[in-house]
Amino acid sequence: MRFRLFTGLLCLVSFVYGQERIHVNLDTVMVVGQKVDNRGGVGVRKTQVDKGELKRNATRSLSELLLESTSLQIKSMGQGAQATVSFRGTSSNHTQVLWNGVSINSPQLGSFDFSQIPVYFVDEVTLVHGSSTPYASSGALGGTINFANQNTPVDGLKVNTITELASNHTFTQAATFRYGAGRVTATTRGYYQQSDNDYKYINKVYSNNHTIERRKEADYKQGGFMQEVGWQISDRNKLAWSGWYQADSRSLPQSIIVNVTASEQSKSQNYRTMLNYEHMGTVHRVNATWAYLHGKMDYKRDFGMSTTDHSVNIFNSVVGNAEYRYLGWKKLIPTALVSYRFDNVNSDNYEGNRASRNSYSSKLLLTYYALSRLQLDASGTLQGVDRKVFGTYSVSARYRLIPQYLEVKVSQSYNHRVPTLNDLYWNPGGNPDLKDETSMGWDATLSSHYNLSNKLLLEGEATYYDMYVDNWIMWIPKGNGYIWEPVNFSNVRSSGVELNARISLLLGRFRQTASAIYTYARSVDQSNRGDGVEGKQLPYVPRNRWSIGYRLEYRNQWWFHYNSSYTGVRFTSADESYQTNAYTLHNFELGYRTKRIKEKYQLALSAKLENAFNAYYESTQYYPMPLRMLWCRLTFDF
C-alpha cells in the first residue's frame with residue numbers, strides 16, 4: 001500500500017474529522033443493558049459502548065478504546081503493536097470478534113489483533129459478556145464483541161475530516177464522505193497513521209538506578225479504506241454492501257532483556273467484503289449475509305548479514321449467514337439461524353503448506369414473554385467442524401423488579417471451542433491430538449436505571465459470574481525449550497464480579513457525566529498435576545481492575561474529560577513466580593468546538609495528555625509502555 005500517496009490524498013480533503021451534528025442530549029444513552037435485544041439472551045449482560053466515547057477516541061485503536069471504556073482485559077505490545085482482548089479471566093482465543101455479525105477471528109491464531117482496527121471505522125460496539133451468544137457460531141467461552149457500521153442516510157454531501165499530531169512524531173489523517181440521493185446512501189472512509197514511535201520509557205531491569213531510555217525499532221505505518229453502499233429497495237427491504245481494506249507495516253521491538261540484536265518486521269494486509277439483505281416485515285424478518293475475508297502476514301527477522309526467519313501466511317475465508325424471525329405470535333418469538341464457513345490457509349509453517357476447515361451450524365432460539373415483567377429464552381445450537389459434530393445451549397431470564405427502574409437477569413450456558421489451525425498443524429509444535437475445550441457457566445446481574453426529565457440519569461449494574469473450562473489449551477515449552485507445543489494443560493475455574501455505575505447531570509448550560517467500572521476476576525488452574533500450579537491465578541489475568549471517568553461540557557462548545565484506570569498485579573508464569581507490577585494511568589483532555597458557521601461548517605480543536613504523571617507500566621512483561629504523551633487534534637465538519 002502506498003502510504004504516502006494515501007496520506008497526500010487525505011490531506012487534500014482538508015483537516016479533520018467531523019463530529020456529526022452534535023445535538024448532544026446526554027451523548028449519552030449509555031449502556032448498561034437497558035435495551036431488550038429480541039435477538040436472544042434477554043438475561044445476558046450486554047454493554048454498548050457510548051457513542052460519545054467512539055467520537056472522542058476516533059483516531060485511536062479499538063484496543064485503546066476498550067481499555068479506557070470497558071471492563072475487558074487488554075494485553076498489548078505497545079503503541080501500534082499487537083493487542084488482544086479477553087473477558088472474565090479467559091484468554092484472547094475465547095473472545096469472538098464480529099464485524100456486522102460475521103466472525104473475523106484469525107483461523108490460524110483464533111484471536112484477533114485489535115490494534116489493526118481504528119475506532120474511526122466503527123459506529124457501534126456491543127459486548128456480550130460470557131458464553132451465551134446470540135450468534136450462530138460457538139467458541140466464545142469468554143464473550144463476544146460485535147462492531148457495526150451504520151451507513152446513515154443523509155441528504156446531499158457531508159464531509160468530515162481529522163488531522164492529529166502527537167508525541168514521538170505521530171501523525172494521523174482521516175476523512176469521511178457521506179452522500180445520499182433518493183433511496184441510495186454511500187459512505188467512504190479513509191484512515192492513515194504513522195509514527196516513529198521512539199517513545200521514552202523507564203528501564204528498571206538492569207540497574208537499581210532507573211534510567212530513561214528511548215524505544216528503538218518500533219516505528220509503524222497503518223492505513224485503511226472502507227466503502228459502504230446502502231439501497232433502500234422499499235420500506236421493508238434493504239440491500240447493503242461494504243468493502244474494507246486495511247494494511248500495516250511494523251518494526252517489532254525486542255524485549256528489553258534480550259542482548260542479541262535482531263531486526264524484526266511484519267507487514268499485513270486484510271481485505272473484507274460483505275453483502276447483506278434485510279427484510280423487515282410486520283410478521284416475518286429475514287437477514288442474510290455473504291462475506292469474503294482475505295488476510296496476508298509477511299514476517300521477517302534478520303540477524304546482521306543473514307535472514308534467519310522469513311514466513312508468509314495467507315488465509316481466505318467465505319462466510320454465509322442467514323436468520324429468520326417470526327413475530328406473528330403474541331408472546332413467543334422463534335428465531336432460526338444457519339451459518340456456513342470455509343477457511344483455507346497457505347502457510348510456510350505448515351507441513352504441505354496448506355490447511356483448510358469447513359464449519360457449519362444451525363441454531364434455534366425461542367424468546368417467551370411470559371408476563372409483562374418476565375421474559376425467558378432458550379437456544380440450542382448444532383455445529384459441525386469438518387467431520388466433528390457437537391451441540392451447545394443457553395437459557396436466560398429477565399425480571400423487572402420495579403419496571404423502568406430495577407431488574408434482575410440470569411443466564412446459564414454450555415459452550416464448545418475447537419483448536420485453531422495453528423494448534424493442530426503448526427510445524428514444528430502442532431498437536432493434532434488436542435481435545436476440544438468446553439465450558440459451563442452462569443451469571444446473575446442486578447441493574448438499575450433512573451431518568452429524571454433528561455436532567456438526571458443514574459445507571460448501575462452488578463454482575464456475578466462463575467464458569468468452568470475443561471481441556472484448556474495452552475502452549476508450553478517442549479524438550480530443550482526451543483520448541484513450544486499446545487497441550488490440554490488444565491481445567492480452569494473463572495469467577496468474579498463486575499460493577500458499573502454512571503451519573504449524568506444537566507444544570508443550565510453545564511452537562512456533567514461521571515462513570516466508574518470495577519472488576520474482580522479469580523481465574524485459577526484446578527488441575528491436579530502435582531507441578532505446584534494448582535489454585536494459582538492464570539498468567540496475565542489481573543484480579544483487580546478499575547476505571548473512573550469525568551466529563552464536563554459547557555454550552556456544547558467547551559469540554560473537559562478526565563480518565564484514570566488501575567490494573568492490578570498480573571502474574572506472568574503459571575506458578576506465580578514472575579509478575580508485572582500494578583499501575584495507575586491518568587489521562588486529561590480539553591477541547592473547544594465553534595458554533596455552526598452559516599449553519600454548515602464547524603471546527604473543533606482538542607488536546608489530550610496521556611499518562612500525565614509518567615507512570616511506569618508494562619502490558620506485556622519486558623515491553624515497557626510510553627511515558628507522558630500529548631495528542632493535538634483539529635476537526636472540521638460540513
Side-chain angles (χ1 to χ4, degrees), residues 30-33 44-50 53 62-76 83-92 94-96 114 125-132 140-145 409-411 439 441-448 459-469 492-503 514-524 536-550 563-572 576 579-587 617-620:
M30 29 226 145
V31 207
V32 208
V44 176
R45 185 189 170 207
K46 302 175 185 178
T47 301
Q48 186 172 322
V49 177
D50 181 71
E53 291 297 306
L62 195 56
S63 60
E64 293 167 308
L65 167 75
L66 295 174
L67 175 65
E68 189 172 301
S69 306
T70 72
S71 61
L72 303 188
Q73 298 147 16
I74 313 295
K75 184 182 178 184
S76 172
T84 56
V85 172
S86 58
F87 287 79
R88 296 182 170 181
T90 59
S91 76
S92 58
H94 299 144
T95 299
Q96 277 287 327
F114 282 80
V125 179
T126 303
L127 314 180
V128 180
H129 302 252
S131 57
S132 298
L141 307 191
T144 304
I145 301 175
K409 297 182 287 186
V410 295
S411 69
S439 72
W442 68 275
D443 58 45
T445 299
L446 183 67
S447 61
S448 63
E459 292 181 306
E461 190 170 56
T463 300
Y464 175 78
Y465 64 88
D466 201 350
M467 179 175 64
Y468 295 84
V469 180
V492 173
R493 180 185 181 187
S494 178
S495 59
V497 174
E498 299 169 331
L499 305 175
N500 294 297
R502 183 161 186 157
I503 302 174
S515 61
I517 300 171
Y518 171 75
T519 62
Y520 173 79
R522 185 175 182 270
S523 189
V524 298
K536 304 292 187 181
Q537 185 82 348
L538 293 188
Y540 284 103
V541 178
R543 283 195 175 93
N544 295 283
R545 186 175 180 274
W546 55 255
S547 175
I548 58 173
Y550 173 75
N563 172 267
S564 179
S565 61
Y566 169 85
T567 300
V569 169
R570 293 171 304 154
F571 299 105
T572 59
E576 298 186 358
Q579 67 182 49
T580 63
N581 293 329
Y583 59 87
T584 304
L585 303 178
H586 301 270
N587 303 322
Y617 69 107
E618 297 174 334
S619 181
T620 302

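Counting from 1, the numbers follow the sequence of the chain as shown. Everything numeric here is computed off the predicted structure, so don't read it as measured data. Scope of the values below: all heavy atoms of this structure, side chains included, with no hydrogens, waters or symmetry mates.
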State, yes or no, whether a side-chain contact exists between I145 and L66 at a heavy-atom distance under 4.5 Å. yes
Donor-acceptor pair between N581 and Y617 side chains, under 3.5 angstrom: no
Give the minimum heavy-atom separation between A444 and V410, together with the two atoms involved. CB-CG1, 3.9 Å
Residues forming a side chain to side chain donor-acceptor pair (under 3.5 Å) with T519, sequence neighbours excluded: none
Taking the six-membered ring for Trp, are Y468 and W442 ring centroids under 6.0 Å apart? no
Could you pull out all residues at least two apart from R493 that satisfy salt bridge (Lys or Arg N to Asp or Glu O under 4.0 Å)? D466
Could you tell me the separation between the CG atom of L538 and the CZ atom of R522, rounded to the nearest 0.5 Å? 10.5 Å
Quick check: closest heavy atoms across G89 and S523, and the distance to 0.1 Å? O-OG, 2.8 Å
Quick one: closest heavy-atom pair of E53 and L65, and the distance? O-CD1, 3.7 Å
May I ask you to decide if Y550's main-chain N or O and N563's side chain share a donor-acceptor pair within less than 3.5 Å? no
How far does CD1 of I517 sit from OG1 of T47, to the nearest 0.5 angstrom? 8.0 Å
Might you work through the side-chain contact (heavy atoms from CB on, under 4.5 Å) test for E459 and N500, ending with a clear yes or no? CA-CA 8 Å; E459 292 181 306; N500 294 297; over 6 Å; no
How many angstroms lie between atom CG of L67 and atom OG of S619, to the nearest 0.5 angstrom? 7.5 Å
Spatial distance of atom OG (S91) from atom NZ (K75) [nearest 0.5 Å]: 10.0 Å
Tell me, with the steps shown, if D443 and E498 meet side-chain contact (heavy atoms from CB on, under 4.5 Å). CA-CA 11 Å; D443 58 45; E498 299 169 331; over 6 Å; no
Evaluate K409 against E461 for side-chain contact (heavy atoms from CB on, under 4.5 Å), listing each step before the verdict. CA-CA 11 Å; K409 297 182 287 186; E461 190 170 56; 3.9 Å; yes
Could you tell me if T463 and T445 have a donor-acceptor pair between their side chains, going purely by distance under 3.5 Å? yes
Mind checking whether Y464 and L446 have side chains closer than 4.5 Å, heavy atoms only? no
To the closest 0.5 Å, what do you measure between CZ (R543) and CD (Q537)? 4.0 Å
Less than 4.5 Å apart, side chain to side chain, heavy atoms only: is that true for Y540 and T620? yes
Closest non-hydrogen atom pair, V569 against A582: N-CB, 3.8 Å
Assess whether atom CD1 of I503 is packed by more than 12 heavy atoms of other residues, nucleotides or ligands within 6.0 Å. no
Does the gap between the ring centers of H94 and F87 come in under 6.0 Å? no
Closest non-hydrogen atom pair, V541 against R570: C-CG, 4.2 Å
Could you check whether any side-chain N or O of S495 sits under 3.5 Å from a backbone N or O of Y465, counting only pairs where one atom can act as donor and the other as acceptor? no
Pairing donors with acceptors under 3.5 angstrom, does anything connect the side chains of Q73 and S86? yes
To the nearest 0.5 Å, tell me how far L585 CG sits from S564 OG. 7.5 Å
Output yes when a side-chain donor or acceptor of S411 lies under 3.5 Å from a complementary backbone atom of V44, and no otherwise. no
Which heavy-atom pair separates R545 from T70 by the least distance, and what is that distance? NH1-O, 3.0 Å
